[in-house]
Amino acid sequence: MDKPIETLRVVLGDQVSRRIAALSDLDPCRDVVLMAEVMQECRYVPHHVKKIVLVLSAMRHFARALAARGVRVRYVRLDDPDNAQSLRGEVQRAVAALKPRQVVATEPGEYRVLDDMRGWAAGIEIRRDTRFVCPIADFRRWAAGRSSLRMEFFYRDMRRRTGLLMTPDGEPEGGRWNFDAENRKRLPPGQRIPAPMRFEPDAITAAVVDLVRQRFTNGFGEIDGFNFPVTAHQAEAALADFIAHRLPGFGDWQDAMQRDQPNLFHAVISPALNIGLLDPLAVCQAVEAAWRAGRVALNAAEGFIRQIIGWREYVRGIYWLRMPEYGTLNALGAERPLPEFYWSGKTGMACIAQVVGQTRRDAYAHHIQRLMVTGNFALLAGLHPDAVDEWYLSVYADAYQWVEMPNTRGMALFADGGVLGSKPYAASGAYINRMSDYCRGCAYDVKQAVGANACPFNFLYWDFIARHADRLASNPRMTMPLRNWDRMPADRRAAIRARAAAFLAELEAGSPAAAAPCSRA
Ligand code: FAD
Ligand code: DLZ
Ligand code: SF4
């Protein structure tokens, strides 16, 4: 007869790590691990089908690896006829069947789930997620009493805490904390770009692809060509490949964008990192080791480490510090619905067509594409933060609210009124033209701000400055654009605003004209 179950240990789809807190004191003889594929999590936003495949395939691989080590795993598949199709329902079904003495889980990455988790089982123990460098309580302490929560100061603390890129005397290596100014180069023509490693689906992934194809027939995105790592072993190989081949170019070309080059010198590790296949500190230590061995320059290593122990930890801190109110913030009063081309990619704006097309195919876009193309358009056009939030949470394979929401509401949309950034990341077409080759093939003219073929980013940029002039006037970092707007001849200002009004009206009406310049006289 089976021994009575001591502990039911719940592992979520983005917690597939041997280091997850709920498994820290696992006793294979007395405990059961519960993992459940449920429609509730597959449908709470219209996830990209590749994201669903990634999560379910990684869950199945992780469960198999646990079972191979003698751990009892209660694994509920999406098409199991008894599946309650919710996390709460599956925990309660397991409790009724196994009668464990206690239930243990690890805090989830979304407020929505944490709120629900507290009611999953009587006395459920919710453990701190130790996969992060900065515990939430430490972030709260760091934030307490500060009038400004700038990332840069948090980042310096994280450098000191981890010792990453620090001298034995406690100074930053290279004498500076930040090499960002060196990380904004344009990509030279003909630059060779090494492709990331691809992982062809094995039998487990192929079965998940079939399942997702059947169950999510109208799901967003293309399922063909799935090639994300789905095990820790694969993710480590992908990281090693990045460090050897793309990290050397990461610093210099971090902000560059190029037509039909979705990855450039980026790591493409966030899908694996955010579900637990990689450990963030170990990733940074491997990057530091490459610098100490002389294989990469300091600006590349520092630029990369800052993204992880700086931005990644910082946005998580902001999320948990400010939720649930953060999810309601709309400081600029943006109300427009999301245009259809965010889903279809069908627009004459070549930059958006490129980024959305790539997103549909790969469930991936790099940071500047997310921030300065789709994010910038949403900011300038005044798209409602709820709709933009839902879009980013749906379409990227790495998207969980703890990291997606502060980046979207805070960094891209300034909907938090400046908690995260000191000014809106608003930019005209000139920025996109400087950092990419998108404009060369565009139906719009990036040099024009008025007229039927003017680049929408240009007139929308000035319209944004004019619309929010009162609010922005108190921000010293906005003095220059406000002054430039004021100095413009009145008739030009009027023409820009009229063009923006017409475009936004078409956009709001869902008119295809807003997406294609030549249809206008
Ligand atoms: P690289 O450029 O190679 O950077 C390395 C790592 O640094 C990333 O894997 C990531 O873990 C971390 N990182 C870099 N920038 C950020 C950042 N701003 N915030 C947090 N971590 C960062 N990232 C997500 O992981 N999930 C999201 O849902 C997400 N949504 C975003 C939404 C918007 C509007 C914006 C502007 C950014 C968003 N980001 C998000 C941050 C960033 O775009 C992605 O982390 C990055 O593009 C992932 O690709 P990569 O692994 O090639 O990153
Ligand atoms: C994203 C996702 C998906 C698509 N499916 C599941 C699932 O079936 N079972 C599960 O445990 N987790 C899934 N996840 C991840 C959860 O949405 C994630 O754990 C929460 O959003 C908290 O971060
Ligand atoms: Fe985008 Fe404007 Fe350039 Fe076209 S011209 S690609 S719309 S920035």
Side-chain angles (χ1 to χ4, degrees), residues 10-15 35-45 47 51-56 59 76 78 87 90 108-110 112-114 151 196 242 246-247 250 254 263-275 278 280 283 303-308 310-316 347-354 364-375 377-378 388-389 392-393 396-413 425 428-433 436 438-448 454-458 517:
V10 186
V11 174
L12 303 180
D14 55 351
Q15 299 180 339
M35 299 178 72
E37 301 174 0
V38 293
M39 272 300 178
Q40 174 201 42
E41 293 308 303
C42 293
R43 285 213 198 278
Y44 73 96
V45 289
H47 297 294
K51 178 180 178 186
I52 304 177
V53 173
L54 169 68
V55 173
L56 302 194
M59 286 174 73
V76 184
L78 201 65
L87 293 171
E90 276 311 307
E110 306 203 347
R112 161 189 74 86
V113 183
L114 178 62
M151 196 288 288
F242 162 70
R246 296 193 308 287
L247 178 61
F250 177 85
Q254 209 181 117
N263 312 118
L264 295 174
F265 292 88
H266 292 271
V268 200
I269 57 164
S270 48
L273 190 58
N274 293 352
I275 60 175
L278 288 170
V283 168
F304 185 83
I305 286 173
R306 176 154 30 92
Q307 305 310 316
I308 297 199
W311 282 112
R312 187 171 186 270
E313 297 283 332
Y314 169 80
V315 296
R316 177 173 181 261
T347 162
M349 290 179 275
C351 51
I352 293 191
Q354 276 280 318
Y364 174 83
H366 71 67
H367 186 66
I368 294 300
Q369 294 177 308
R370 297 188 205 195
L371 182 63
M372 300 310 293
V373 178
T374 42
F377 185 88
V388 184
D389 240 349
Y392 279 101
L393 192 55
Y396 292 113
D398 57 21
Y400 300 91
Q401 218 179 41
W402 65 267
V403 54
E404 174 279 324
M405 184 179 276
N407 270 300
T408 302
R409 266 180 207 259
M411 196 184 298
L413 301 182
Y425 274 95
S428 69
Y431 176 89
I432 295 173
N433 194 30
S436 78
Y438 294 152
C439 303
R440 262 186 266 149
C442 185
Y444 290 103
D445 183 351
V446 73
K447 302 283 181 213
Q448 303 298 324
C455 165
F457 283 84
N458 290 344

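Computed from heavy atoms alone, side chains included, the values below leave out hydrogens, waters and symmetry copies. All values reported here derive from a predicted model rather than from experimental measurement. Whatever order the structure lists them in is the order used to number ligands and atoms, beginning at 1. In this chain, residues are counted from 1 in sequence order.
Note on Cys351: not counted as a metal contact of atom 2 (Fe) of ligand 3, no N/O/S atom lying under 2.8 Å.
With a heavy-atom cut-off of 4.0 Å, Met35 does not touch ligand 2 at all. Residue Leu273 touches ligand 1 through its side chain alone, judged by heavy-atom distances below 4.0 Å. Here Gln401 has no heavy atoms under 4.0 Å from ligand 2, in either its backbone or its side chain. Under 4.0 angstrom from ligand 2, there are no non-hydrogen atoms of Trp402. Contacts with ligand 2 closer than 4.0 Å are made by side-chain heavy atoms of Val55 only, the backbone lying farther away. Under 4.0 angstrom from ligand 1, the non-hydrogen atoms of Met411 all belong to its side chain.
Taking every heavy atom of Leu87 and a limit of under 4.0 angstrom, the matching atoms of ligand 2 come to 11 (O). Atoms of ligand 3 lying under 4.0 Å from any heavy atom of Val446, numbered from 1 in the order shown and given with element: 5 (S). Atoms of ligand 3 lying under 4.0 Å from any heavy atom of Met349, numbered from 1 in the order shown and given with element: 7 (S). Which parts of ligand 1 touch His366 is read off a 4.0 Å heavy-atom cut-off, strictly below it: atoms 47 (O).
Proximity of a side-chain donor or acceptor of Gln40 to a complementary backbone N or O of Leu87 within less than 3.5 Å is detected.
The protein heavy-atom contact nearest to atom 4 (Fe) of ligand 3 is Cys442 SG, 2.3 Å. Remark: minimum distance from atom 4 (C) of ligand 2 to any protein heavy atom is reached at Glu41 O, 3.6 Å. When hydrogens are left out, the protein atom nearest atom 16 (C) of ligand 1 is Trp311 CB, 4.0 Å; that is the closest non-hydrogen contact. Distance from atom 43 (O) of ligand 1 to its nearest protein heavy atom, with residue and atom name: His367 ND1, 3.1 Å. Of all protein heavy atoms, the one lying nearest to atom 2 (O) of ligand 1 is His266 ND1, 2.7 Å. Of the protein's heavy atoms, Gln307 CB, 3.1 Å lies nearest to atom 7 (O) of ligand 1. With hydrogens left out, the protein atom closest to atom 10 (C) of ligand 2 is Gly13 N, 3.4 Å, a heavy atom. Summary of contacts: the protein heavy atom closest to atom 3 (Fe) of ligand 3 is Cys439 SG, 2.3 Å. When hydrogens are left out, the protein atom nearest atom 6 (C) of ligand 1 is Ile308 CG1, 3.7 Å; that is the closest non-hydrogen contact. Looking only at heavy atoms of the protein, atom 2 (Fe) of ligand 3 is closest to Cys455 SG, 2.3 Å.
In this structure, the side chains of Glu37 and Val76 stay at 4.5 Å or more apart for every pair of heavy atoms. Put simply, the side chain of Leu54 does not reach to within 4.5 Å of the side chain of Lys51, judged on heavy atoms. By the 4.5 Å heavy-atom criterion applied to side chains, Arg409 and Asp389 are counted as neighbours. Between Asn274 and Asp14, every side-chain heavy-atom pair lies at or beyond the 4.5 Å cut-off. By the 4.5 Å heavy-atom criterion applied to side chains, Val403 and Leu393 are not counted as neighbours.
For a threshold of 3.5 Å applied to N or O pairs, the pair formed by Val38 and ligand 2 contains at least one separation below that value. Below 3.5 Å of separation, one finds no N or O of Tyr400 facing any N or O of ligand 2. For a threshold of 3.5 Å applied to N or O pairs, the pair formed by Val113 and ligand 2 contains no separation below that value.
Geometrically, Lys447 does not engage Phe457 in a cation-pi contact defined by less than 6.0 Å to the ring centre and at most 45° from the axis. For the pair Arg112 and Tyr44, the cation sits on the ring face: its NZ or CZ lies under 6.0 Å from the ring centre, inside 45° of the axis.
Selection from Ala36, Gly109, Cys42 by nearest heavy atom to atom 7 (C) of ligand 2 gives Ala36. Summarising the contacts of atom 10 (C) of ligand 1 with Gly410, Ser270, Pro196, Ala412, the nearest heavy atom is found in Ser270. One option in Val11, Leu56, Asp14 has a heavy atom closer to atom 23 (O) of ligand 2 than any other, and that option is Asp14.
Here the closest heavy-atom approach between residue Tyr444 and residue Cys455 is recorded as CB-CA, 3.9 Å.
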Report task. Carefully, step by step, assess Arg312 and Asp398 under the rule salt bridge (Lys or Arg N to Asp or Glu O under 4.0 Å). Result -> CA-CA 12 Å; Arg312 187 171 186 270; Asp398 57 21; over 6 Å; no
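Ring centers of Tyr425 and Tyr431: at least 6.0 Å apart, outside the cut-off. Aromatic pair Phe250/Phe304: ring centres closer than 6.0 Å. Centroid-to-centroid, the aromatic rings of Tyr396 and Tyr364 stay 6.0 Å apart or farther.
Using modelled atom types and a 3.5 Å distance limit, the side chains of Gln401 and Tyr392 yield no donor-acceptor pair. Looking at Gln254 and Gln307, their side chains do bring a donor and an acceptor atom within 3.5 Å of each other.
For the pair Tyr364 and ligand 1, a heavy-atom separation below 4.0 Å is found.
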